[in-house]
Amino acid sequence: MLAPTARPSPLPDSLWQALVAASPDAGAAVSAGAPLTRDLDVEVAVIGAGYSGLAAAYALQRRGVGCAVLDANVVGWGASGRNGGVVSSKFRLSFPTIDQLHGFDTAKRMHRLAHEGVRVVESLIDEFGLTQARFEHTGSLRCAHTERALAAICAEADWVRAKLGDTSMSVQLRAEVEHETGSKGFVGGVLSADAGTILPLEYVRGLARGITLRGVPIYESTPVLQMHRAPGDTHVTLRTPGGTVRAKQVIVATNAYSDLTPATSPYQRELVPFRSAMIATERLPAELDARLMVERRSYTETRRMMKWFRKVDGRMLFGGRDAFGKEGQTTGFDGLQRAMVALFPDLADVRVAYRWSGYVGMTFNSLPHVGRSDDVTTFCLGYNGAGVAMASLLGQHAAALALGETPELSLLGAPGLRPVPFHSLRAPGVRLVAAWYQFLDAVGA
Ligand SMILES: Cc1cc2nc3c(=O)[nH]c(=O)nc-3n(C[C@H](O)[C@H](O)[C@H](O)COP(=O)(O)OP(=O)(O)OC[C@H]3O[C@@H](n4cnc5c(N)ncnc54)[C@H](O)[C@@H]3O)c2cc1C
């Protein structure tokens, strides 16, 4: 946790950071960037300047509601500035599974919400003119590592087409996947056409710039240390090192970084934080660049300890979950490089230029949660590693909830905080599950 006087942590040394530094408007300040140094009165205070918090703030600004965003670090310091930039229209639970567990109407509503997430990213890109975020509606190819895994994802694609009339998922044969990816490691795959790629740090900085220009203040280096509501008071008071914020409503958008201070740490108990690591190679030689990932989509695979990859800036970007390491540690990167070379032997001699990691927030039911923890506090979190589109959507819905509206949330609506059972055992639990998954992956089960 942060000490009250702690300095903000720097952004990790990622490819995204390097691309931002090299971009023509690198010098353009994202926001005032200054910490809060006075007392403030707002209608809604938003904690967290990632996709969730900024989307919430924009939704409030559009309704004419006065708000301010507070972040312990800089804009995009959390997962929003570190992720793989895969914009997907899926949840961790498949739509047929949602149908089995919750019925067909719910599966339909969840399907609609999943695709709405991508529409929200598109419209934010348009409204804010975020060309530098380089959003491309390329589709995402899920590559099967065994025949059994292929059968399962094909069955899902068939179900979605037959039951929901969604023709955006199509099957690719082994040769097509090999041609597209340049890897012989897969037996086939399923293409989801309604997906894309983005530069994640440019996206979150662009959102921040856009809402700042529309008059919403963002206070960086401003950890919320305490949230307090005196008996009978209709307002909440947030204490930060440089001043207090009095607000009628608070939106907590701190996701897997909620334990930075005690004020937001209760929200961490909704989650099992899982470390996710990424590597990016040096620029590929021209011959490899022309042969690997020719459609420039994002790619995921079907192993339980999933890896994903895409090409950015002529480099291979390769990511995967690593339950064992902590953020900032160097563990996991060598394993990731070995996994990359196993799929792409031609990359054996290509140097890895960037390595970084961050936390994703997994939930007990594998779905994001948005809801009210009391009558003045709303939260949205738990994107289970797929939050670029979903956080952009649920931030807006959190704003609506804070204003007393009732957006359609289906299974994402949380009746209140529901801490993960035996939360204190989460670290050994995650390790145990991950080890079991790695074993199953290794034996091809
Ligand atoms: C390595 C990695 C790869 C990923 N890849 C993908 C991908 O390819 N596609 C995809 O869809 N999703 C991906 N994700 C998930 C996605 O990045 C997240 O779901 C999403 O960014 C969550 O956004 P957020 O705004 O809710 O939280 P965050 O971006 O994490 O922001 C939370 C913010 O809250 C601030 N904060 C915390 N506590 C306090 C406090 N007490 N006071 C003030 N501020 C506070 C933090 O400083 C932080 O800036 C990935 C995540 C990681 C880590």
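Numbers here are sequence positions counted from 1. Just so you know, these numbers use all the heavy atoms, side chains as well, and skip hydrogens, waters and symmetry mates. Read the numbers this way: they start at 1 and go in the same order the structure lists the ligands and their atoms. No experiment lies behind these values; they were computed from the predicted model shown.
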| task | Starting from atom 13 (C) of ligand 1, locate the nearest protein heavy atom and write down its residue, its atom name and how far away it is, to 0.1 Å. | result | Gly385 O, 3.2 Å
| field | Residues Arg82 and Gln17: side-chain donor-acceptor under 3.5 angstrom | value | no
| note | Residue, atom and distance of the protein heavy atom nearest atom 19 (O) of ligand 1 read Gly387 CA, 3.2 Å
| Ala72, Gly48, Ala256: member with heavy atom nearest to atom 43 (C) of ligand 1 | Ala72
| request: Any atoms of ligand 1 less than 4.0 Å from a non-hydrogen atom of Trp77? List them with their elements. | output: 46 (C), 47 (O)
| field | Where ligand 1 meets Thr264 - atom numbers and elements under 4.0 angstrom, heavy-atom basis | value | 38 (N), 40 (C), 41 (N)
| said: As an exercise, identify every atom of ligand 1 less than 4.0 angstrom from a heavy atom of Gly358. | reply: 53 (C)
| remark: Of all protein heavy atoms, the one nearest atom 32 (C) of ligand 1 is Ala253 O, 3.6 Å
| Donor-acceptor pair, side chain of Arg142 and main chain of Thr300, under 3.5 angstrom | no
| query | Thinking salt bridges, do Arg119 and Asp194 make one under a 4.0 Å N-O criterion? | reply | yes
| request: Distance to 0.1 Å, residue and atom name: give those for the protein heavy atom nearest to atom 9 (N) of ligand 1. | output: Val86 O, 2.8 Å
| message | Show, in sequence, the C-alpha distance, side-chain angles and deciding distance for Tyr383 and Tyr51, and conclude whether the ring-ring contact (aromatic ring centres under 6.0 Å, His included) test is met. | response | CA-CA 11 Å; Tyr383 304 104; Tyr51 307 138; 9.0 Å; no
| Subset of ligand 1 atoms that lie under 4.0 Å from at least one heavy atom of Gly84 | 3 (C), 4 (C), 5 (N), 6 (C), 7 (C), 8 (O)
| From Gly53, Ser52, Ala79, Ser265 - option closest to atom 24 (P) of ligand 1 by heavy atom | Ser52
| query | Short list, please: which atoms of ligand 1 are under 4.0 Å from a heavy atom of Tyr359? | reply | 53 (C)
| query | Regarding Thr281 and Tyr354, is there a side-chain donor-to-acceptor distance under 3.5 Å anywhere? | reply | no
| query | Any idea which protein heavy atom is nearest atom 45 (C) of ligand 1, and the distance to it? | reply | Thr254 CG2, 3.7 Å
| Option of least heavy-atom distance to atom 23 (O) of ligand 1 (set: Ser80, Gly81, Pro200, Ser258) | Ser80
| note | Per-atom filter on ligand 1: closer than 4.0 angstrom to a heavy atom of Pro223 are 42 (N), 43 (C)
| note | If you compare Asn255, Thr197, Leu207 by their heavy atoms, the one closest to atom 27 (O) of ligand 1 turns out to be Asn255
| query | In terms of side-chain geometry, is the basic nitrogen of Arg355 or Asp334 positioned less than 4.0 Å from the acidic oxygen of its partner? | reply | yes
| CZ/Arg134: more than 12 non-hydrogen atoms of other groups inside 6.0 Å | no
| query | Can you find an N/O atom of Tyr383 closer than 3.5 Å to an N/O atom of ligand 1? | reply | no
| message | How far is atom 48 (C) of ligand 1 from the closest protein heavy atom, and which atom is that? | response | Asp71 OD2, 3.4 Å
| Has Ser357 got any heavy atom lying under 4.0 angstrom from an atom of ligand 1? | no
| Atoms of ligand 1 less than 4.0 Å from Thr222 heavy atoms? | 43 (C)
| Atoms in ligand 1 flagged as close to Ile47, the criterion being non-hydrogen separation under 4.0 Å | 40 (C), 42 (N), 43 (C), 44 (N)
| field | Charged tip of Arg62 within 45° of Tyr58 ring normal and under 6.0 Å | value | yes
| query | For Arg296, does the CZ atom sit with more than 12 other heavy atoms under 6.0 Å from it, leaving out its own atoms? | reply | no
| N/O of Ser88 under 3.5 Å from N/O of ligand 1, yes or no? | no
